[in-house]
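Each remark here refers to the structure printed beneath this line.
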Amino acid sequence: MKKFLLGFICIFLLGSCIQNNDSKCDCPSLPNNTVALTTKYISVYPTDWSEYDQPLERYAYATFELDDITKTVIDYGAVMAYFIGATDNPLPYVFPVENEVNDTIIHNFRFDLEERAITFILESSDMEIYIPQETLQFKVSIFYPN
């Protein structure tokens with residue numbers, strides 16, 4: 001009985017792998033699964049930062065136009081951003097900073113996308129707005145279907 005059951009399962013599994021070449025199939029066409037990659041390096045100067053100051057949300061932000069971020073990229077591709085320090089740190093990048101009174105504050109670099117633009121955001125755990133006083137480097141990798 002066990003041999004019969006095992007044989008039946010094997011035949012069933014093999015039969016389920018046979019492709020049907022029926023031209024009347026309403027199956028979606030499969031993509032070629034190819035993508036293209038564009039990488040941009042962006043320098044953010046202290047004068048590029050602006051403040052967003054609302055009662056429940058406060059942060060510094062810098063917006064840059066990037067024509068490579070199209071609707072196709074937003075709908076079907078991907079965008080990855082990195083803060084460049086000693087190494088490339090993928091965003092969101094969370095790191096501690098000590099202030100003048102030796103309290104540790106957590107900073108968070110993150111990014112937001114819209115068509116043809118990227119916004120880098122620096123948000124802090126103490127709800128204060130910190131404007132970086134040095135030029136920061138970011139790397140943006142844009143993947144889009146080819």
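Computed over heavy atoms, backbone and side chain alike; hydrogens, waters and symmetry mates excluded. Position 1 is the first residue of the sequence, and the numbers go up from there.
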Problem - Within-4.5 Å side-chain heavy-atom neighbours: H107 and E123 - result: no

Problem - pair Y144-V35: side-chain heavy atoms closer than 4.5 Å - result: no

Exercise for the section: Measure the CG-CG distance between N146 and L37 for me, rounded to the nearest 0.5 Å. Expected result: 11.0 Å

Practice task
To the nearest 0.5 angstrom, please state how far the OG1 atom of T38 sits from the CG atom of L66.
Solution key: 10.0 Å

Problem - CD1-OG1 distance between I142 and T70, expressed to the nearest 0.5 angstrom - result: 8.5 Å

Practice task
Look only at the side chain of N89 and the backbone of T87, and say whether a donor-acceptor pair between them is shorter than 3.5 Å.
Solution key: yes

Exercise for the section: Can you run down the ring pair (Phe, Tyr, Trp, His ring centres under 6.0 Å) pairs that involve residues 56-76, sequence neighbours left out, and say none if there aren't any? Expected result: Y52-Y59

Practice task
Check whether any side-chain heavy atom of S141 lies under 4.5 Å from a side-chain heavy atom of F143, and answer yes or no.
Solution key: yes

Handout entry: Mutual orientation of the aromatic rings belonging to F138 and F109 [parallel < 30°, tilted 30-60°, perpendicular > 60°]
Key = perpendicular

Practice task
Examine distances only and state if a side-chain atom of T119 and a backbone atom of T63 form a donor-acceptor pair shorter than 3.5 Å.
Solution key: no

Practice task
State whether the side chain of D75 and the backbone N or O of T72 hold a donor-acceptor pair below 3.5 Å, judged by distance alone.
Solution key: no

Exercise for the section: Give a yes or no on whether V79 and F120 share a hydrophobic cluster (residues Ile, Leu, Val, Met, Phe, Trp, Tyr; joining criterion: side-chain heavy atoms under 4.5 Å apart). Expected result: yes

Handout entry: Exam field: side chain E114 to backbone D112, donor-acceptor pair closer than 3.5 Å
Key = no

Handout entry: Check: V44 and T135 side chains under 4.5 Å, non-hydrogen atoms
Key = no

Exercise for the section: Step by step, work out the side-chain contact (heavy atoms from CB on, under 4.5 Å) result for T104 and V97. Expected result: CA-CA 6 Å; T104 300; V97 175; over 6 Å; no

Practice task
Report yes or no: does R116 contribute a side-chain atom to a donor-acceptor pair with the main-chain N or O of E65 at less than 3.5 Å?
Solution key: no

Exercise for the section: Just say parallel, tilted or perpendicular for the rings of F83 and F95, cut-offs at 30° and 60°. Expected result: parallel

Exercise for the section: Please examine the side chains of E115 and I69, heavy atoms only from C-beta on, and report whether any two atoms are closer than 4.5 Å. Expected result: no

Handout entry: CG-CD1 distance between L122 and I131, expressed to the nearest 0.5 angstrom
Key = 8.0 Å

Exercise for the section: Treat each ILVMFWY residue as a node, draw an edge where side-chain heavy atoms are under 4.5 Å apart, and state whether M80 and Y93 are in one component. Expected result: no

Problem - Short side-chain donor-acceptor distance under 3.5 Å, Q137 and S43 - result: yes

Practice task
Please say whether the positively charged group of K139, taken as NZ for Lys or CZ for Arg, lies over the ring of Y41, i.e. under 6.0 angstrom from the six-membered ring centre and within 45 degrees of the axis.
Solution key: no

Practice task
Check whether any side-chain heavy atom of I106 lies under 4.5 Å from a side-chain heavy atom of N108, and answer yes or no.
Solution key: no

Exercise for the section: Carefully, step by step, assess T39 and V140 under the rule side-chain contact (heavy atoms from CB on, under 4.5 Å). Expected result: CA-CA 6 Å; T39 300; V140 179; over 6 Å; no

Handout entry: Any donor-acceptor pair under 3.5 Å from S124 side chain to M127 backbone
Key = no

Fill in the blank from the handout: Distance col, row I121:CD1 vs E57:CD, nearest 0.5 angstrom, shows 8.0 Å

Exercise for the section: Taking all heavy atoms of P132 and all of P46, pick out the closest pair and write down the distance. Expected result: O-CB, 3.5 Å

Problem - Nearest-0.5 Å distance that lies between atom CD in Q54 and atom CG in L56 - result: 9.0 Å

Fill in the blank from the handout: On a heavy-atom basis, the closest approach of A81 and I118 is CB-CD1, 4.4 Å

Exercise for the section: State, with a plain yes or no, whether a side-chain heavy atom of D68 is found less than 4.5 Å away from one of K40. Expected result: yes

